[in-house]
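Each chain gets a letter, A, B and so on, in the order its sequence line appears, and its residues count up from 1.
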Protein chains: 2
Amino acid sequence: MKKARILIVDDEEDLCEILKFNLEGEGFEVDEAYSAEDAITKRLDKYDLLLLDVMMGKMSGFKLAEKIRKERGSTIPIIFLTAKDTKNDTLTGFSIGADDYISKPFSIKEVVARVNAVLNRTTGKYAGEQIINVEGMEFDLNKKKLIIDNKSIYLTRKEFEILQLLIENQGRIFSREEVLNYVCKYETVVTTRTVDVNIARIRKKMGKYGKFVRSRTGYGYYFDIQ
Amino acid sequence: MKKARILIVDDEEDLCEILKFNLEGEGFEVDEAYSAEDAITKRLDKYDLLLLDVMMGKMSGFKLAEKIRKERGSTIPIIFLTAKDTKNDTLTGFSIGADDYISKPFSIKEVVARVNAVLNRTTGKYAGEQIINVEGMEFDLNKKKLIIDNKSIYLTRKEFEILQLLIENQGRIFSREEVLNYVCKYETVVTTRTVDVNIARIRKKMGKYGKFVRSRTGYGYYFDIQ
DNA sequence: AACGTTTGTAACAATTTTGTAGCAAACCTG
DNA sequence: CAGGTTTGCTACAAAATTGTTACAAACGTT
């Protein structure tokens with residue numbers, strides 16, 4: 001699964017570092033900007049989520065957010081970080097919404113939890129990309145297709161399942177029986193030779209990458225890039 | 001569509017900013033006033049809805065509301081925000097003619113939902129905008145319709161939900177089971193083939209854009225503009 | 001209850017996928 | 001290298017999936 005990319009915008013560099021370290025530990029890709037002006041120079045469409053400090057030097061997090069939403073028309077989810085206002089701690093009550101709102105001081109655990117929640121909500125439980133990359137070839141589990149040289153290669157269900165089995169167990173050899181058992185679990189019995197035909201079809205569709213789908217006479221098929 | 005204009009009156013400036021940001025994100029036009037006195041100086045008839053904090057410096061939200069209703073004879077819908085959730089306050093609010101009543105701490109989502117609800121109830125014609133644009137085709141989440149070549153295409157609820165699922169997860173393939181599960185979560189069991197019929201109806205209504213709703217035999221349906 | 005609308009089902013046609021058979025090519029073993 | 005075995009490939013047929021239509025049931029409104 002593709003990692004979500006997060007941009008932290010906060011003038012407290014120490015805080016940025018702590019957040020970055022912890023979010024990276026959770027498997028996210030994290031960039032930092034130490035001011036709103038700095039953030040604007042970045043290609044924001046690269047990111048899946050923004051963590052914005054509300055109180056920063058010249059331009060506040062709100063202004064930045066407004067700019068991003070209005071001028072760039074971006075719908076990127078935003079979580080605001082704000083210093084806890086002792087006068088009204090009602091702000092701590094903000095939790096759910098189109099965006100989110102976390103008051104300082106906050107626990108790292110809390111931030112991670114909210115980040116995950118927002119990403120799940122905004123990208124939908126379906127949207128997490130699931131792409132296996134092999135030698136410049138993309139194997140997209142959600143879109144059920146290969147991307148080779150920027151071209152989409154559509155595999156049928158059986159083809160896709162066989163290739164998935166082989167790619168997810170790179171190097172391991174599967175006998176025709178094993179492949180059939182994996183692909184046609186509860187279906188009527190078919191000749192083991194059908195595997196050959198499907199392999200041939202897969203190889204053909206894969207073009208120059210077809211050679212990575214290999215056979216060992218007497219054993220079966222496997223996927224390997226060597 | 002005319003945007004609804006909202007005035008937020010609250011002395012917590014941060015809270016105002018958050019509400020403003022999120023309501024604007026929903027397509028509303030939003031102004032702020034940080035005190036009742038400040039609000040009075042504004043031309044209130046410009047607005048379609050007031051969000052009033054009950055607890056503010058000198059003049060409370062209730063007083064302000066009374067003033068507006070009695071002295072100006074305005075019937076503008078009002079939603080009160082309050083820190084306390086006591087029955088007394090609630091009753092006071094409704095006797096003045098509050099349209100809704102939200103206790104802090106509250107979620108942004110909740111506020112937005114209530115704002116939409118009140119506006120729909122009172123004017124019927126306003127709502128925050130939520131429009132997805134794809135290839136010159138507008139997909140209006142609030143009005144549950146498509147706009148194609150400046151013409152409104154009205155989708156039924158099921159049709160709309162299916163299309164929304166597909167469009168919001170562009171490229172990803174959904175099996176009939178997944179689509180059904182998403183659209184008919186709590187309903188009686190139906191044939192997976194009903195999805196086909198709904199897809200057909202959606203395609204028909206979408207005219208030249210219908211082709212973007214695609215199928216992959218063995219997998220299901222997906223939306224893609226390629 | 002009567003009406004229009006939405007949604008589901010069944011049946012058939014059209015399309016795509018999948019399996020089989022047969023032959024050619026490659027592989028293995030002695 | 002000769003023979004049997006395994007694998008690659010192609011065309012065709014069978015099976016499965018999808019598109020489409022007409023009709024019926026369910027729903028909501030007046």
Side-chain angles (χ1 to χ4, degrees), chain A residues 144-146 152-166 173-224, chain B residues 124 144-146 152-166 173-207 209-224:
Chain A
K144 308 296 180 189
K145 67 180 186 180
L146 291 171
S152 291
I153 312 290
Y154 296 93
L155 298 182
T156 69
R157 218 160 76 90
K158 292 279 156 85
E159 289 164 9
F160 195 84
E161 284 176 358
I162 292 173
L163 187 55
Q164 184 175 0
L165 175 69
L166 299 186
I173 301 178
F174 292 88
S175 70
R176 281 154 235 274
E177 282 78 11
E178 285 175 311
V179 173
L180 265 189
N181 199 44
Y182 178 79
V183 173
C184 305
K185 248 177 208 142
Y186 308 108
E187 295 173 35
T188 53
V189 185
V190 294
T191 317
T192 53
R193 290 306 309 281
T194 64
V195 175
D196 300 40
V197 181
N198 277 299
I199 290 286
R201 287 170 180 151
I202 292 168
R203 282 179 177 149
K204 201 171 184 181
K205 288 191 178 176
M206 288 174 75
K208 65 184 175 187
Y209 291 97
K211 65 182 181 214
F212 296 143
V213 177
R214 299 164 199 281
S215 69
R216 285 274 297 284
T217 90
Y219 294 108
Y221 295 98
Y222 66 108
F223 183 93
D224 213 331
Chain B
K144 309 297 179 194
K145 68 174 187 181
L146 291 169
S152 291
I153 312 287
Y154 294 92
L155 298 181
T156 69
R157 202 172 66 83
K158 293 275 159 87
E159 288 165 9
F160 196 83
E161 284 178 1
I162 292 172
L163 187 55
Q164 183 175 1
L165 175 68
L166 299 185
I173 300 178
F174 292 90
S175 70
R176 280 153 234 274
E177 282 79 12
E178 285 175 311
V179 173
L180 266 188
N181 199 43
Y182 178 81
V183 174
C184 305
K185 246 179 209 135
Y186 308 110
E187 295 174 35
T188 52
V189 185
V190 293
T191 319
T192 53
R193 288 307 308 279
T194 64
V195 175
D196 300 42
V197 181
N198 277 298
I199 290 284
R201 288 170 180 150
I202 291 168
R203 282 180 178 147
K204 203 170 185 181
K205 288 191 179 176
M206 288 175 77
Y209 292 98
K211 66 180 182 218
F212 296 143
V213 177
R214 298 164 199 280
S215 70
R216 292 272 304 280
T217 95
Y219 294 113
Y221 294 97
Y222 67 109
F223 183 94
D224 212 334

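Within the 4.0 Å cut-off from OP1 or OP2 of C:dT20, at least one side-chain nitrogen or oxygen of A:T191 is found. Applying the 4.0 Å criterion to OP1 and OP2 of C:dT18, one finds that A:N198 has every side-chain N and O outside that range.
For the pair B:L163 and B:E159, the minimum side-chain heavy-atom distance is 4.5 Å or more.
Shown here are the side-chain hydrogen bond (donor to acceptor under 3.5 Å, both in side chains) partners of B:Y209, two or more places apart in sequence or in another chain: there are none.
Computed from coordinates, the B:R216 CZ to C:dT18 C1' distance equals 15 Å when rounded to whole Å. Summarising the geometry, the separation between CZ on A:R157 and C1' on D:dT17 is reported as 11 Å, rounded to the nearest angstrom. Between the CD atom of A:E177 and the C1' atom of D:dT6 there is a distance of 13 Å, rounded to whole Å. One atom, OH of A:Y219, and another, P of C:dC27, lie 16 Å apart when rounded to the nearest Å. In this structure, the NZ atom of B:K145 is 18 Å from the P atom of C:dT5, given to the nearest Å. Here the C1' atom of nucleotide C:dT17 and the CD atom of A:E159 are 8 Å apart, to the nearest Å. When the C1' atom of C:dT16 is taken as reference, atom NZ of A:K144 falls 18 Å away, rounded to whole Å. Whole-Å rounding puts the B:I153 CD1 to C:dT6 P distance at 13 Å.
Note that CD1 of B:I162 and OG1 of B:T156 are 8.0 Å apart. Values are rounded to the nearest 0.5 Å. To the nearest 0.5 Å, atoms NZ (A:K145) and CG (A:L155) are separated by 11.0 Å.
The side chain to side chain donor-acceptor pair (under 3.5 Å) with A:E161 is formed by just one residue from the set A:K158, A:Q164, A:R157; it is A:R157. For the pairing with A:R176, the side chain to side chain donor-acceptor pair (under 3.5 Å) check across A:T192, A:T194, A:D196 returns one residue only, A:D196. Of the options A:Y221, A:F223, A:Y222, A:Y182, a side chain to side chain contact (heavy atoms under 4.5 Å, CB included) to A:L165 is made by A:Y182 and by none of the others.
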_Base contacts versus sugar-phosphate-only contacts with protein, heavy atoms under 4.0 Å: please encode nucleotides 19-30 of chain D as B, S and - from 5' to 3'._
BBB---------

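Scanning both residues, B:V213 and B:M206, for their nearest heavy atoms gives CG2-SD, 3.8 Å. Nearest heavy-atom pair, A:R214 versus A:K211, reported as atom, atom and distance to 0.1 Å: CG-O, 3.4 Å.
In this structure, B:T194 reaches the bases: a heavy-atom distance under 4.0 Å links it to at least one base atom across the strands shown.
Secondary-structure stems of DNA chain C, taken as three or more successive Watson-Crick or G-U wobble pairs (i with j, i+1 with j-1) under a 3.5 Å distance threshold, comprise C:1-30 with D:1-30.
Where B:G218 and A:T217 each meet DNA chain C at their nearest nucleotide, the meeting point lying more 5' is that of B:G218.
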